[in-house]
S.K.: 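I have a structure here, written as structure tokens, and I will follow up with some questions on it.
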Amino acid sequence: QVQLVESGGGLVEVGGSLRLSCAASGSIFSIGAMGWYRQAPGKQRELVATFPSGGRANYADFVQGRFIISRDNAKNTVYLQMNTLKPEDAAVYYCNALVVPTPQSPPYVYWGQGTQVTVSS
């Protein structure tokens, strides 16, 4: 079994910063892409940023240079540094990872439980 655990969410003022972390643990042979999504009340879950295992990071248009995704492969961890936060950034942020649990297993997308980000004006 594979678990993804997020941390770092909370309450921040407009223009402030937060750093989210997501650590994968359990039966892990390899990890491909890791990413962050978010879901605001009444809206669909949307992509924020992804980081392929051997490629460049990709960002949603609304990020506009404010967020930085990074990963530490040795720790099976992905981060999301969020700067210049806006009220519309408030949402539950979820991480995901494409994990191969064993050499005989196909890859599977696992999700974290989500961490709440609240932006006060």
Side-chain angles (χ1 to χ4, degrees):
Q1 191 61 279
V2 176
Q3 299 83 36
L4 270 61
V5 178
E6 298 116 334
S7 61
L11 174 65
V12 64
E13 294 183 348
V14 170
S17 299
L18 281 175
R19 188 189 193 215
L20 306 183
S21 301
C22 172
S25 63
S27 176
I28 298 173
F29 175 71
S30 66
I31 300 179
M34 303 184 80
W36 289 95
Y37 290 71
R38 70 185 188 184
Q39 187 168 17
K43 295 187 177 182
Q44 290 187 332
R45 190 173 298 189
E46 61 181 354
L47 171 70
V48 177
T50 61
F51 202 134
S53 60
R56 294 183 176 181
N58 300 287
Y59 297 94
D61 290 343
F62 62 76
V63 168
Q64 297 176 330
R66 300 179 296 126
F67 298 174
I68 300 172
I69 187 172
S70 60
R71 60 189 286 174
D72 184 335
N73 292 329
K75 297 181 179 179
N76 291 333
T77 299
V78 62
Y79 306 94
L80 186 67
Q81 176 67 43
M82 303 188 295
N83 303 316
T84 319
L85 284 161
K86 305 176 181 180
E88 52 265 40
D89 293 319
V92 178
Y93 283 71
Y94 298 90
C95 70
N96 77 352
L98 183 65
V99 178
V100 178
T102 71
Q104 296 78 30
S105 304
Y108 188 81
V109 177
Y110 292 87
W111 289 87
Q113 81 287 353
T115 185
Q116 178 71 50
V117 171
T118 304
V119 183
S120 65
S121 56

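Quick caveat, the model's predicted, so the values are computed rather than measured.
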S.K.: Nearest heavy-atom pair of L80 and A49: which atoms, and what distance?
M.R.: CD1-CB, 4.5 Å
S.K.: Report yes if some heavy atom in the side chain of C95 is under 4.5 Å from a heavy atom in the side chain of T115; otherwise report no.
M.R.: no
S.K.: Hey, does V92 have a side-chain heavy atom less than 4.5 Å from the side chain of Y94?
M.R.: yes
S.K.: Are any non-hydrogen side-chain atoms of L11 and S120 less than 4.5 angstrom apart?
M.R.: yes
S.K.: Does any part of the side chain of V99, heavy atoms only, come nearer than 4.5 Å to the side chain of Y108, both counted from C-beta?
M.R.: no
S.K.: Enter the distance from I69:CD1 to R56:CZ here, rounded to the nearest 0.5 Å.
M.R.: 15.5 Å
S.K.: Distance check, rounded to the nearest 0.5 Å: N96 atom CG versus W36 atom CH2?
M.R.: 10.0 Å
S.K.: Looking at CZ of R19 and CE of M82, how far apart are the two atoms once the value is rounded to the nearest 0.5 Å?
M.R.: 11.5 Å
S.K.: Kindly give the heavy-atom pair with the smallest separation between I31 and A97, and that separation in Å.
M.R.: CG2-CB, 4.1 Å
S.K.: Answer with yes or no whether the hydrophobic clustering places Y59 together with F51; edges join I, L, V, M, F, W, Y residues whose side-chain heavy atoms lie under 4.5 Å apart.
M.R.: yes
S.K.: Would a distance-only check, ignoring hydrogens and angles, find a side-chain to backbone donor-acceptor pair under 3.5 Å from E6 to C22?
M.R.: no
S.K.: Please report the shortest heavy-atom distance between P87 and V119, naming the atom on each side.
M.R.: N-CG1, 3.8 Å
S.K.: Show your working on side-chain contact (heavy atoms from CB on, under 4.5 Å) between S27 and T102 and close with a plain yes or no.
M.R.: CA-CA 7 Å; S27 176; T102 71; 3.9 Å; yes
S.K.: Between N73 and R71, is there a side-chain donor-acceptor contact under 3.5 Å, judged purely by atom types and distance?
M.R.: yes
S.K.: Give a yes or no on whether K75 atom NZ has more than 12 heavy-atom contacts from other residues, nucleotides or ligands under 6.0 Å away.
M.R.: no
S.K.: Flag the pair T84 / Q64 as yes when at least one side-chain heavy-atom distance between them is below 4.5 Å, and no otherwise.
M.R.: no
S.K.: Answer with yes or no whether the hydrophobic clustering places L85 together with I68; edges join I, L, V, M, F, W, Y residues whose side-chain heavy atoms lie under 4.5 Å apart.
M.R.: yes
S.K.: Do you know which two heavy atoms are closest between D72 and Y79, and how far apart they sit?
M.R.: CB-CE1, 4.1 Å
S.K.: Can you give me the closest heavy-atom contact between T118 and A90, atom names plus distance?
M.R.: CA-CB, 4.3 Å
S.K.: Could you tell me whether E88 atom CD has more than 12 heavy atoms of other residues or ligands within 6.0 Å of it?
M.R.: yes
S.K.: Hydrophobic clustering (ILVMFWY, side-chain heavy atoms < 4.5 Å, transitive) - are V109 and Y93 grouped together?
M.R.: no
S.K.: With rounding to the nearest 0.5 Å, note down the distance linking OG in S121 to NZ in K86.
M.R.: 14.0 Å
S.K.: Side-chain contact test, heavy atoms from C-beta onward, threshold under 4.5 Å: evaluate it for V117 versus L20 and give yes or no.
M.R.: yes
S.K.: Quick one, F67 and L18 - any side-chain contact, counting heavy atoms below 4.5 Å?
M.R.: no
S.K.: Determine whether D89 and R38 make a side-chain contact, defined as any pair of heavy atoms from C-beta on separated by less than 4.5 Å.
M.R.: yes
S.K.: Identify whether Y37 and V5 are in the same connected component of the hydrophobic contact network (ILVMFWY, side-chain heavy atoms under 4.5 Å).
M.R.: no
S.K.: In this structure, are over 12 heavy atoms from other groups packed under 6.0 Å from F62 atom CZ?
M.R.: yes
S.K.: Kindly give the heavy-atom pair with the smallest separation between Y110 and P101, and that separation in Å.
M.R.: OH-CG, 3.7 Å
